[in-house]
Amino acid sequence: MAREEQKQTAPQEKPKEGKFKLENIPGAFSKALENVGKSKDKHWYEKIAIFAKTFWNEIRGIEDEKKEVSAEAKAEANKSIDARVNDAKAAAKLDEKTPEADKEFFNEAVAMVATAGGEVPVEMQDALKSAKGKLTDSVNNKTPEMSTLDEVKAMGSLSLLTIAKFKAKYNDPTKFKEALDRLYKISDKSAFKLEKLLSMPVLKIFKTEINSTVEGIQAGLSFIPGSGIEKGQGLKLLESFNLTTDDVDTLKGIKEQPMKNESEIAAVMKKSIFPNTNEAKIKNVMKITNKLMVEKPDHIDTQTLTDLVFNIEDSDIKRLIEILTGKKSA
């Protein structure tokens, strides 16, 4: 993704919190009904969200204001690839005694991550930075707050962009797993041990509860306090995937043992998540996901990661990147 496109991106909108104003309740109720009346062509859940957001904003005296992209985010977006890669190498702190061939291999992987970070849109760089901070804290056995949806999307974008690059380099399952195994081993001599990064205790900070999202939307607020999901974000995320609340309810069956409604889950995933992947591979992804959710291993091993990556078509990985970033993927 070109940096020129990043610079021209308009900042995202974010509500500014205000103080609760009890005297605003009658007017807020009227205003909310008025806005719902103007949205006759909307779905029922959209009308509830419109009512709730209007009512909430009027009571609290919230006014939308443009979210300014920080100077740090702009600086990160404008960094040269070489500067970004050098910063990433310094942060990785690979043992200098590492054999030269392993060092070169490791640094190439670091370069992929660093380059992918530069492709994350400028307006997502602040969320990416805070997500990386939480990841570092978690790796160092600290207990950071659960991630916001913006942070989950930013880290998800970085991860998918990196996977796409790694898969392009090692475009065969056997080669891909061999490269991952080698990276796991070498990274043990760095500040970011891959096995630790992919451990469940670390990854749980990026968990966004499907139940919380659905319950929030059904309540008309699209958020549950403490879930890390801001008002309106849950509904927008569903819409970007062309998912309905019924679809999400269906997808929840993937975490059951035995899995519930497999055919219905596969149909939803084909429609909204992996439209370019064939049904047999989608069912493989479902089985892998179900196993992870049910058995709860302490980390994601290289075979599982390889199986996931090679059961999803490249065009669907690209599509997921575009949905999360709101940008066309290079």
Side-chain angles (χ1 to χ4, degrees), residues 43-46 48-49 146-149 152-153 155-157 159-160 163 198-230 232-301 303-313 315-317 319-321 323-324:
H43 293 292
W44 65 267
Y45 56 83
E46 292 178 292
I48 292 175
M146 293 296 287
S147 301
T148 66
L149 192 53
V152 171
K153 288 168 66 178
M155 186 55 71
S157 301
S159 301
L160 288 170
I163 286 170
L198 293 177
S199 67
M200 294 309 175
V202 169
L203 292 177
K204 73 179 182 180
I205 65 169
F206 297 113
K207 181 180 179 183
T208 299
E209 290 287 354
I210 287 178
N211 287 352
S212 295
T213 308
V214 175
E215 288 165 6
I217 293 167
Q218 290 172 340
L221 295 176
S222 302
F223 88 117
I224 294 292
S227 69
I229 301 171
E230 296 180 12
Q233 287 186 305
L235 183 59
K236 289 176 183 176
L237 186 61
L238 292 192
E239 289 174 345
S240 65
F241 278 97
N242 191 29
L243 284 165
T244 67
T245 53
D246 287 341
D247 288 338
V248 180
D249 274 330
T250 298
L251 290 176
K252 286 192 286 185
I254 205 168
K255 65 181 182 180
E256 302 295 336
Q257 179 66 317
M259 198 189 311
K260 293 181 180 178
N261 308 317
E262 288 187 41
S263 297
E264 290 85 347
I265 292 171
V268 171
M269 294 185 84
K270 178 69 176 175
K271 171 181 74 80
S272 299
I273 303 176
F274 305 125
N276 303 302
T277 301
N278 68 46
E279 188 174 343
K281 287 187 174 182
I282 287 174
K283 287 186 175 178
N284 288 339
V285 172
M286 289 164 52
K287 289 174 185 175
I288 296 167
T289 305
N290 175 258
K291 185 177 180 180
L292 288 171
M293 289 182 165
V294 171
E295 296 183 4
K296 295 180 172 61
D298 60 357
H299 72 282
I300 301 177
D301 60 50
Q303 186 61 63
T304 298
L305 188 52
T306 300
D307 290 342
L308 273 173
V309 170
F310 281 88
N311 273 290
I312 301 171
E313 289 297 324
S315 53
D316 280 335
I317 293 177
R319 177 176 177 270
L320 290 176
I321 293 168
I323 288 174
L324 290 175

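Sequence positions, counted from 1, serve as the residue numbers for this chain.
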>> Test of understanding: with side chain to side chain donor-acceptor pair (under 3.5 Å), list the residues that count as partners of Asn290, not counting sequence neighbours.
In response: none
> Can you name the residues that form a side chain to side chain donor-acceptor pair (under 3.5 Å) with Glu262, not counting sequence neighbours?
Replying inline: none
Is the number of heavy atoms from other residues, nucleotides or ligands under 6.0 Å of [X] [atom1] greater than 12?
{"X": "Lys287", "atom1": "NZ", "result": "no"}
{"X": "Gln303", "atom1": "CD", "result": "yes"}
{"X": "Lys291", "atom1": "NZ", "result": "no"}

> With a 4.5 Å limit on heavy-atom distance, are the side chains of Met286 and Ile282 in contact?
Replying inline: yes
>> So Asp307 and Asn284, do their side chains get closer than 4.5 Å, heavy atoms only?
In response: no
>> Test of understanding: with side-chain contact (heavy atoms from CB on, under 4.5 Å), list the residues that count as partners of Ile323, not counting sequence neighbours.
In response: Ser240, Phe241, Arg319
> Ignoring hydrogens and geometry, is there a side-chain-to-backbone donor-acceptor pair from Lys252 to Asp249 under 3.5 Å?
Replying inline: no
Nearest 0.5 angstrom please: [X] [atom1] to [Y] [atom2], how far?
{"X": "Asn311", "Y": "Lys283", "atom1": "CG", "atom2": "NZ", "answer": "13.5 Å"}
{"X": "Ile163", "Y": "Ile321", "atom1": "CD1", "atom2": "CD1", "answer": "8.5 Å"}
{"X": "Glu279", "Y": "Met269", "atom1": "CD", "atom2": "CE", "answer": "11.5 Å"}
{"X": "Leu203", "Y": "Ile300", "atom1": "CG", "atom2": "CD1", "answer": "5.5 Å"}
{"X": "Met259", "Y": "Ile254", "atom1": "CE", "atom2": "CD1", "answer": "5.5 Å"}

Identify the two heavy atoms, one from [X] and one from [Y], that lie closest to each other, and give their separation to 0.1 Å.
{"X": "Asn242", "Y": "Lys271", "result": "O-NZ, 2.8 Å"}
{"X": "Asp316", "Y": "Pro275", "result": "OD1-CD, 3.3 Å"}
{"X": "Leu160", "Y": "Ile317", "result": "O-CG2, 4.1 Å"}
{"X": "Pro201", "Y": "Asp298", "result": "CD-O, 3.7 Å"}
{"X": "Asn276", "Y": "Glu313", "result": "O-CG, 3.2 Å"}
{"X": "Phe274", "Y": "Val285", "result": "CE1-CG1, 4.1 Å"}

>> Run Thr277 and Lys270 through side chain to side chain contact (heavy atoms under 4.5 Å, CB included) and show every step you take.
In response: CA-CA 7 Å; Thr277 301; Lys270 178 69 176 175; 5.6 Å; no
>> Applying side chain to side chain contact (heavy atoms under 4.5 Å, CB included) to Lys281 and Ile312, what does each step give before you reach the verdict?
In response: CA-CA 7 Å; Lys281 287 187 174 182; Ile312 301 171; over 6 Å; no
>> Assess the residue pair Leu251 and Ile273 against the criterion (side chain to side chain contact (heavy atoms under 4.5 Å, CB included)); give the C-alpha distance rounded to whole Å, side-chain angles, the decisive distance to 0.1 Å, and a yes or no.
In response: CA-CA 11 Å; Leu251 290 176; Ile273 303 176; 4.1 Å; yes
> Is a side-chain donor-acceptor pair under 3.5 Å present for Thr250 with Asp247?
Replying inline: no
